[in-house]
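Reviewing the structure listed below.
In the text below, chain A, chain B and the rest are named by the order of the sequence lines, each starting its count at 1.
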Amino acid sequence: MPELPEVETIVRGLKRTVLGKKIKTIKIVPSRVLQNNPRYLKRNLTGLKIVSVKRRGKNIILQLSGGNLLLIHLGMTGNLIYLKRPAPLKKHDHLNMEFSDKSQLRYNDPRKFGKFKLVKSSRKENIEDLKSLGPEPLEITENDFVRLVQTRRGRIKSTLLNQKFIAGIGNIYADEVLFEAKIHPEERACNLSSNRLKKLHQAIQKTLKKAIKAGGSSIDNYLDVEGKQGFFQFYHKAYGREGKPCLRCGTKIKRIVVNQRSNYFCPKCQRKM
DNA sequence: GTCGATGTTATCAA
DNA sequence: TTTGATAACATCGA
């Protein structure tokens with residue numbers, strides 16, 4: 001579910017709802033999602049304030065008073081849910097923190113591919129999950145992007161999905177930006193001309209910004225922290241549109257599977273060179 | 001009931 | 001080094 005626009009939407013929601021609040025109590029349902037042991041988590045979170053909320057790629061970083069960090073990755077189905085009033089835990093809730101004003105933030109994740117981890121301030125310069133990430137797609141310059149892609153011999157689609165290469169793009173937005181830039185998902189990255197890569201860079205910026213404005217794409221279970229749906233799914237031009245007419249030329253959108261992932265594209269607009 | 005698909009990524013093998 | 005297959009898991013729909 002959550003790619004850069006969804007995670008960014010969640011981060012903005014957290015700023016509105018829990019930033020500055022003090023954690024009063026923690027409830028934990030132990031599972032593989034929680035990377036620290038429950039007692040350690042409780043001991044190191046209770047009584048602290050959330051002093052900043054940031055995003056890096058698809059990761060959410062909550063900074064706590066005292067300097068420790070809470071690192072959250074939502075995996076496929078993770079969700080952070082803000083509640084104004086206390087309520088009993090639901091199925092697939094893994095952790096709930098209650099703040100001193102009685103509001104709550106809980107982490108729910110049916111498939112448990114997500115991660116929830118407390119990182120000591122002394123180690124935060126060296127967080128494996130973050131330091132291996134590539135540049136932010138909304139920050140990288142056109143020239144740097146072109147140069148970076150041209151070093152890659154793999155397919156452009158898998159290059160875009162590779163977080164070490166560029167951080168935050170997932171299967172939905174990769175298909176959407178390739179459609180915008182009229183590039184076939186199986187094109188070799190290093191074979192793409194500078195001109196086409198400039199188009200791709202523009203497509204990435206434009207699409208991600210638009211998606212953030214729309215509050216992300218709600219497919220299946222994605223909701224923002226306040227339970228609102230995004231509406232970028234209504235603007236998808238490629239992803240999930242197999243058999244439907246291309247919005248540019250009317251050709252039927254095709255779906256192929258590459259590296260176990262679906263790829264939706266227009267066979268006419270996105271020709272392989 | 002069964003099968004295949006789903007937004008992610010760590011890990012292992014080639 | 002890079003790339004591709006697999007597994008982690010629950011749910012939904014054909």
Side-chain angles (χ1 to χ4, degrees), chain A residues 1-11 29-35 55-60 71-80 90-94 107-117 127-134 137 148-179 185-191 207-208 211-212 214-224 229-243 253-264:
Chain A
M1 161 216 351
E3 305 180 26
L4 187 150
E6 290 77 30
V7 177
E8 179 63 28
T9 303
I10 288 169
V11 162
V29 182
S31 77
R32 47 173 278 129
V33 169
L34 305 175
Q35 311 266 301
R55 178 188 62 76
R56 175 75 176 96
K58 300 174 191 171
N59 296 273
I60 298 165
L71 193 63
I72 303 168
H73 191 295
L74 300 170
M76 286 265 266
T77 52
N79 217 347
L80 286 166
K90 288 204 179 145
K91 202 174 180 183
H92 307 307
D93 281 344
H94 300 289
Y107 183 70
N108 181 284
D109 189 355
R111 288 177 71 182
K112 305 191 188 104
F113 292 167
K115 273 187 190 169
F116 194 104
K117 178 167 25 176
I127 305 170
E128 285 299 326
D129 316 54
L130 298 185
K131 77 175 184 194
S132 58
L133 291 177
L148 194 53
V149 177
Q150 286 177 335
T151 65
R152 291 267 148 184
R153 277 170 301 158
R155 298 184 177 98
I156 185 64
K157 172 75 181 270
S158 17
T159 303
L160 291 177
L161 291 179
N162 185 347
Q163 304 299 298
K164 293 192 188 95
F165 162 75
I166 195 160
I169 298 176
N171 208 34
I172 294 178
Y173 295 98
D175 278 1
E176 291 302 311
V177 300
L178 289 174
F179 176 88
E186 288 182 292
E187 198 84 71
R188 296 271 152 200
C190 53
N191 289 345
T207 305
L208 294 181
I212 291 170
S217 304
S218 280
I219 292 173
D220 242 20
N221 71 349
Y222 167 72
L223 298 171
D224 74 6
Q229 288 202 339
F231 52 90
F232 195 71
Q233 65 279 15
F234 302 124
Y235 299 124
H236 290 174
K237 295 177 186 168
Y239 181 83
R241 297 193 66 247
E242 184 181 16
I253 296 291
K254 202 171 159 188
R255 172 179 173 268
I256 59 173
V257 175
V258 182
N259 298 348
Q260 333 287 107
R261 313 291 309 265
S262 279
N263 291 248
Y264 298 90

Would you say that A/Glu6 contacts A/Leu74 through its side chain, given a criterion of any heavy-atom pair below 4.5 Å between the two side chains?
no
Relative to the ring of A/Tyr173, is the ring of A/His236 parallel (under 30°), tilted (30 to 60°) or perpendicular (over 60°)?
perpendicular
Tell me the interatomic distance from A/Leu74, atom CG, to B/dT6, atom C1', rounded to whole angstroms.
16 Å
With a cut-off of less than 4.0 Å, is there a side-chain N or O of A/Ser262 near OP1 or OP2 of B/dT6?
yes
Mind checking the CD1-CG spacing from A/Ile156 to A/Leu178? Nearest 0.5 Å is all I need.
6.5 Å
In which stems does DNA chain B show up, taking only runs of three or more Watson-Crick or G-U wobble pairs whose two distances fall under 3.5 Å?
B:2-6 with C:10-14, B:8-14 with C:2-8
Whole-Å distance separating the CG atom of A/Leu130 from the C1' atom of B/dT9
14 Å
Quick one: which of A/Gln163, A/Lys117, A/Gln35 gives a side chain to side chain donor-acceptor pair (under 3.5 Å) with A/Asp129?
A/Lys117
Residues which pass side-chain hydrogen bond (donor to acceptor under 3.5 Å, both in side chains) with A/Ser132, listed by chain and number, not counting sequence neighbours:
none
Hey, does the side chain of A/Lys115 come within less than 4.0 Å of B/dT9's phosphate (OP1/OP2), counting only N and O?
no
Closest to the 5' end of DNA chain C, once A/His92 and A/Arg32 are matched to their nearest nucleotides, is A/Arg32
To the nearest Å, how far apart are A/Arg111 CZ and B/dG7 P?
9 Å
For the pair A/Asp175 and A/Lys157, evaluate salt bridge (charged side-chain N to carboxylate O under 4.0 Å, His left out) and give the outcome as yes or no after the intermediate values.
CA-CA 8 Å; A/Asp175 278 1; A/Lys157 172 75 181 270; 2.6 Å; yes
Identify all pairs in which a protein N or O lies below 3.5 Å from an N or O of nucleotides 11-14 of chain B, and state each distance.
none

5' to 3' contact window, DNA chain C with chain A (heavy-atom distance under 4.0 Å):
C/dT2 to C/dT11
Can you check whether A/Arg255 has a side-chain N or O nearer than 4.0 Å to OP1 or OP2 of B/dT6?
yes
For a 4.5 angstrom cut-off between non-hydrogen side-chain atoms, does A/Tyr222 reach A/Ile10?
yes
Option passing side chain to side chain contact (heavy atoms under 4.5 Å, CB included) with A/Arg155 (candidates A/Leu160, A/Asn259, A/Asn263)
A/Asn259
Please report, rounded to the nearest Å, how far the C1' atom of B/dG7 is from the CG atom of A/Asp175.
12 Å
So does A/Arg188 have more than 12 non-hydrogen atoms from other groups sitting under 6.0 Å from CZ?
yes
Using whole Å, report how far CD of A/Glu6 lies from C1' of B/dT8.
13 Å
So do A/Ile127 and A/Asn59 actually touch side chain to side chain, heavy atoms under 4.5 Å?
no
Not counting sequence neighbours, which residues clear salt bridge (Lys or Arg N to Asp or Glu O under 4.0 Å) with A/Lys131? List them please.
A/Glu128
Got A/Ile172 and A/Phe232 here, is their nearest side-chain heavy-atom distance under 4.5 Å?
no
Of A/Asn171, A/Ile253, A/Ile256, which is the lone residue that meets side chain to side chain contact (heavy atoms under 4.5 Å, CB included) with A/Tyr264?
A/Ile253
Separation of atom CD in A/Glu242 from atom P in B/dT6, rounded to whole Å
10 Å
Residue-level proximity of residues 149-157 of chain A to DNA chain B when a heavy atom falls under 4.0 Å
none
Roughly, in whole Å, what's the span from CG in A/Asp129 to P in B/dA10?
7 Å
Is the shortest heavy-atom distance from the side chain of A/Leu133 to the side chain of A/Arg56 under 4.5 Å?
yes
Calculate the interatomic distance between A/Ile72 atom CD1 and B/dT9 atom P; express it in whole Å.
15 Å
Sugar-phosphate only, base, or nothing, as touched by A/Gln163 at under 4.0 Å among non-hydrogen atoms:
sugar-phosphate
